[in-house]
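Every chain is numbered from 1 and lettered A, B, ... according to where its sequence line falls, protein lines coming before strand lines. Heavy-atom basis, side chains included; hydrogens, waters and symmetry copies ignored.
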Amino acid sequence: MDLSPRYNPLDVEEPLLAQWNEAGLFQAEPDPTRTPYTIVIPPPNVTGILHMGHALNNTIQDILIRFKRMQGFNALWVPGTDHAGIATQNVVEKSLAKEGKRRQDLGREAFLNRVWQWREQYGSTIITQLKRLGASCDWRRTRFTMDDGLSQAVTDVFLKLYEAGLLYRGNYIINWCPRCQTALADEEAPRKETQGKLYHFRYPLSETPDRSIVVATTRPETMLGDTAVAVHPNDPRYQSLIGQTVRLPLVGRELRIIADEAVDPEFGTGAVKVTPAHDPVDFQLGKKHSLEFINVMTDDGRMANVPAPYDGLDRFVCRKRVLEDLERQELLEKTTDHLHNVGHCYRCDTVIEPRLSLQWFVRMKPLAEPAIQAVKDGTITFIPSRWTKVYLNWMENIQDWCISRQIWWGHRIPVWYCNACITNEKSKKDPNWKPENIIGIQPTSAERGVAGVIVSKTPPTQCPTCGSVVGLKQDEDVLDTWFSSWLWPFSTLGWPQHTKDLDYFYPTNTLVTAPEIIFFWVARMIMAGYFCLGKPPFTTVYIHGTVRDLSGRKMSKSLGNVIDPLEIIKQFGADALRYTLVTSTAVGTDVFISDEKFVVGRNFSNKLWNAARFILQVAPAAPGTGALPPAEQLSVFDRWILAELNRTIADTTAALERCHFDEAADRVYEFLWHQFCDWHIEFVKPTITTMPAGRQVLRHVLEQSLRLLHPVMPFISEALWQQLRPADATKFLMTAPWPLPGALQDDEAGRQVRWAIQVITAIRSVRAEFRVPAAARVDVTLAGHSAPDAALAEQITRLAGVHTLRVSAKAAAARGSVPILFDGGSGVIHLGDAIDLEQARHAKQRELTEELQPRLQAVEGRLRNEAFTKSAPPDIVQQEQEKRTILTQRIATLESYLNALR
RNA sequence: GGGCGAUUAGCUCAGUCGGUUAGAGCGCAUGCCUCACAUGCAUGAGGUCAGAGGUUCGAGUCCUCUAUCGCCCACCA
């Protein structure tokens, strides 16, 4: 082992990954004799590169998996990636654009080949990065949402839902990008605050054209598709107009004036033009009031189904034209500036157009019921629990899920349409209907067995209704990416096949994820789990925070505040990255980081490294097992540190069980650095060469604490542990058993050492406060304690730099001395000439009057209060009484000292 | 507009069932290159727990209101 005083993680981490991997330690197989513990990874986008959010998310999962693995569970962590429909398609389209091509130029099949090609080449980047972080996934099981098995799961579920009557096809307002000619999910059409104009139009009443109602709009061109005007039912201004009609200018259509609560009487004129095919709110109004839906725009943003002068105009050209024409007719009442949020295509920044289109939906209410129940009855719990409310609130108001997407990269919708049947069916109802029109199947009739709609796992060769073998055409759309991810916890284990893996590892245990995908993903997985398997997909959902910079902003490329985890790993090591991430976040709170913060993790690694270096030097491996020497060979220090180790084991274990990862990491840090290194090693240093039992204890304590540290800092703990490994232990720390508290409990030795630490600290404090030169002679007399054992006394004198240490019943104050007060007693430090008497007197006088006396008064006040002594728990009262005794003693000590100085 | 959360040291945050003198890391100050570690050691300064009221023997902790900030959802045509 390299004995450099500087720990270099790069020398250690990569080789360890290779060792672990070679030994197959990440792998898990069903084993009925052991209890499984399973986590499925939230699959990162296949286009992804590791960012701090991933680093945090996967560090937490790895902590859990490593902890449970050491506890003896058969721990499986299933990795994989998500095909991320639109995101991935965009990446490939961008690379195409560099060649001056669009996806349409290649055609569907060639384009998809290109995407697959891309995935082969770059799709494992993030997996490689996760490995580097130390993620102990079973990498053999890496899945991709477009794998054959998972695609089969998708198709199966689609069929299952169809058969259960939970699928329908209906019209819906979507975000449409006229440039990309595709629908966009809401999150793909971010709203930007935009300075626009609010135009007020006068719509003349049909009956009395000299009277009119004024409506306001930001998108004048949509007025060509208006099919109503709406006002609030209680708005006094419009009571008489409700039910009347207006004549739509430029078009001439008669529009009913309807009343609906959705209208805000405060905004604009309190009257709204209703364009059901081009606005989400209007769409709802249209459905509610059975209005006509007129789509006035083509895929590329030109006007259609409008009077001749406007037909074919670009939407913004048309906007100007409409305004000019209304102005000429004196129907443009006024124009005001208006700041509003407008959706923009996140790829090309084009203003999106809300537009009616035909989409597939899943009826969610029936699916939600068991998923609500499971959370209510505690089958599934959220950590932190406040997310329970958020989840339930959303689930109880759940909307149907639009699952079709007009892109190419994804699972193609397994539906075929029979042209013959549909033509036939439609023309019965509407003689003017032509097949090239939108195929509209109304929600109410779409459940099953609709003529012409064939839902099938494989391409049908014949229409089951009319027997036609031609004109069967597959739906052009693909499914929402989440339609595959919601099956992830069981599709990755082999579902819909009945596999051993599924039997054994499902339901999984813990899901670790971020709050922003509770709705998209977590809730849907729970619903899918119950729908497909009748069982929850997991029992605990751990929601961690968002990684932010120090000013609280999310990390994003556009803000330029991104810290690259791989850069941190290169600079400080994966352990430092993991440690700092985990200790920077309490349960469920956001994580605020800057690159300097990772120095803390690095410094801790280095500290550990050096402590181990020291121990390996002074206490080389002894033959035999890791068993501790018999109790009678242990020094006070050994007994003390072993008891502290036991407490640390208990605390750390409890913290991990509660998913308080920061607490667990802090606890081991505190023990290793501030108890073991700062005190124990210092105490035993001078005698270690002559105390074989002490050497064994040193190795034992470090070895055991490395086990505690391993889930958080797997690399350095493994590297050092292998050097300290007891002869009878497993080869790898990673699979070594989790420590259990030993038999040795806190005892008299522990109290002695804690007392000694206080004495030493108090003496050092005085030395520093009064600037006592290192060479000055310092004698100490302690009171209120029996004589410490020789070893202890020796270390007190050594570590506090004391010449002689005496213990007497009463430590008399005298000139040239300073009293010290500590929890286990008090004493006097004789400093002779090395002390400034005036300064000492002032300091002690202040301590007396500003600190001790007010505290005593407070305590006495409480004890005089009968309400307190009668109603407070007895142990609290007793505590106060003890406090009074101690304070009284201290005050007496200080007073006698001050008197002696006079 | 609806919901959730936060406000504790200069900074970033802990603080369990209401009960000793409210903690940590970083930063700062002072002194140390002590033979594991200067990525270190020792000591220290720094807090009206956002504000007001209430419950209680006792409130950082529970309740109400106010202020400020953040997040999610729905969004004004």
message = If you compare every side-chain N and O of K597(A) against the phosphate oxygens of rC26(B) (OP1, OP2), does one of them come in below 4.0 Å?
response = no
RNA chain B base-pair string [pairs: Watson-Crick or G-U under 3.5 Å; |: paired with another strand] = (((((((..((((.....[...)))).(((((.......))))).....(((((..]....))))))))))))....
inquiry  = Taking syn as a glycosidic torsion within 90° of 0 and anything else as anti, which one is rC17(B)?
reply    = syn
Residues that F519(A) engages under ring pair (Phe, Tyr, Trp, His ring centres under 6.0 Å), provided they are two or more places apart = W394(A)
key: Derivation and outcome, side-chain hydrogen bond (donor to acceptor under 3.5 Å, both in side chains), residues D226(A) and Y203(A)   = CA-CA 11 Å; D226(A) 283 1; Y203(A) 285 4; 2.7 Å; yes
ask   = What residues form a side chain to side chain contact (heavy atoms under 4.5 Å, CB included) with E794(A), not counting sequence neighbours?
value = none
ask   = Once each nucleotide of nucleotides 1-8 of chain B is scored for protein heavy atoms under 4.0 Å, what B/S/- sequence comes out, 5' to 3'?
value = ----S---
query = Reading nucleotides 53-62 of chain B from the 5' end, what letters show protein touch, with B for base, S for backbone sugar-phosphate only, - for no heavy atom under 4.0 Å?
reply = ----B-----
request  = Provide the distance between the two P atoms, one in rG18(B) and one in rG58(B), to the nearest whole Å.
outcome  = 16 Å
request  = Using atom CD of Q675(A) as one end and atom C1' of rA24(B) as the other, report the distance to the nearest whole Å.
outcome  = 14 Å
In residues 854-865 of chain A, what donor-acceptor pairs under 3.5 Å come from side-chain atoms, sequence neighbours left out?
{"from": "R862(A)", "atom 1": "NH1", "to": "E880(A)", "atom 2": "OE1", "distance (Å)": "3.1"}
{"from": "R862(A)", "atom 1": "NH1", "to": "E880(A)", "atom 2": "OE2", "distance (Å)": "3.0"}
{"from": "N865(A)", "atom 1": "OD1", "to": "A867(A)", "atom 2": "N", "distance (Å)": "2.9"}

ask   = In Å, rounded to the nearest 0.5 Å, how long is the span from CG of L323(A) to OH of Y199(A)?
value = 5.0 Å
inquiry  = Looking at R846(A) and E851(A), is any side-chain nitrogen of the basic one under 4.0 Å from a carboxylate oxygen of the acidic one?
reply    = no
Protein proximity profile, nucleotides 37-44 of chain B - base contact B, sugar-phosphate-only contact S, no contact -, cut-off 4.0 Å on heavy atoms = B-BSSSSS
key: Integer angstrom distance from the P of rA52(B) to that of rG46(B)   = 23 Å
query = Taking NE2 from H544(A) and P from rC71(B), how many angstroms apart are they, rounded to a whole number?
reply = 17 Å
query = Is it the case that K607(A) places NZ or CZ above or below the six-membered ring of Y7(A), under 6.0 angstrom from the centre and within 45 degrees of the axis?
reply = no
request  = Could you check how far CG of D279(A) sits from P of rA74(B), rounded to whole Å?
outcome  = 15 Å
query = 5'-most contact on RNA chain B: V859(A) or D282(A), nearest heavy atom basis?
reply = V859(A)
task = For the pair N610(A) (side chain) and P5(A) (backbone), establish whether a donor and an acceptor sit closer than 3.5 Å, ignoring hydrogens and angles.
result = yes
message = If the condition is side chain to side chain contact (heavy atoms under 4.5 Å, CB included), which residues does Q758(A) pass it with, not counting sequence neighbours?
response = F822(A), D823(A)
ask   = Is E670(A) salt-bridged to R667(A), going by a charged N under 4.0 Å from an acidic O?
value = no
query = When the distance from CZ of F519(A) to C1' of rA74(B) is rounded to whole Å, what number comes out?
reply = 12 Å
request  = Pick the P atom in rG2(B) and in rA24(B), then give their distance to the nearest Å.
outcome  = 43 Å
task = Run the salt-bridge test on R315(A) and E221(A) with the 4.0 Å N-O cut-off and return the result as yes or no.
result = no
key: For the student: nearest non-hydrogen atoms of A230(A) and V263(A), plus distance   = CB-CG2, 3.7 Å
query = With sequence neighbours left out, what residues match Q571(A) under side-chain hydrogen bond (donor to acceptor under 3.5 Å, both in side chains)?
reply = none
ask   = With sequence neighbours excluded, what pairs up with Y391(A) under the side-chain hydrogen bond (donor to acceptor under 3.5 Å, both in side chains) test?
value = none
message = Once you measure the plane-to-plane angle for H680(A) and F676(A), does it fall in the parallel (<30°), tilted (30-60°) or perpendicular (>60°) bin?
response = parallel
request  = Using the test ring pair (Phe, Tyr, Trp, His ring centres under 6.0 Å), find all partners of F683(A) that sit at least two apart in sequence or belong to another chain.
outcome  = F637(A), W679(A)
request  = Could you work out the separation of rG51(B) and rA59(B) based on their C1' atoms and round it to a whole Å?
outcome  = 16 Å
Neighbour count above 12 (heavy atom, 6.0 Å) for E866(A) CD = no
request  = Could you check how far CZ of R219(A) sits from P of rC75(B), rounded to whole Å?
outcome  = 14 Å
Write out a two-atom table: protein N or O, nucleotide N or O from nucleotides 28-35 of chain B, distance below 3.5 Å.
{"from": "rU30(B)", "atom 1": "O2'", "to": "R771(A)", "atom 2": "NH1", "distance (Å)": "3.4"}

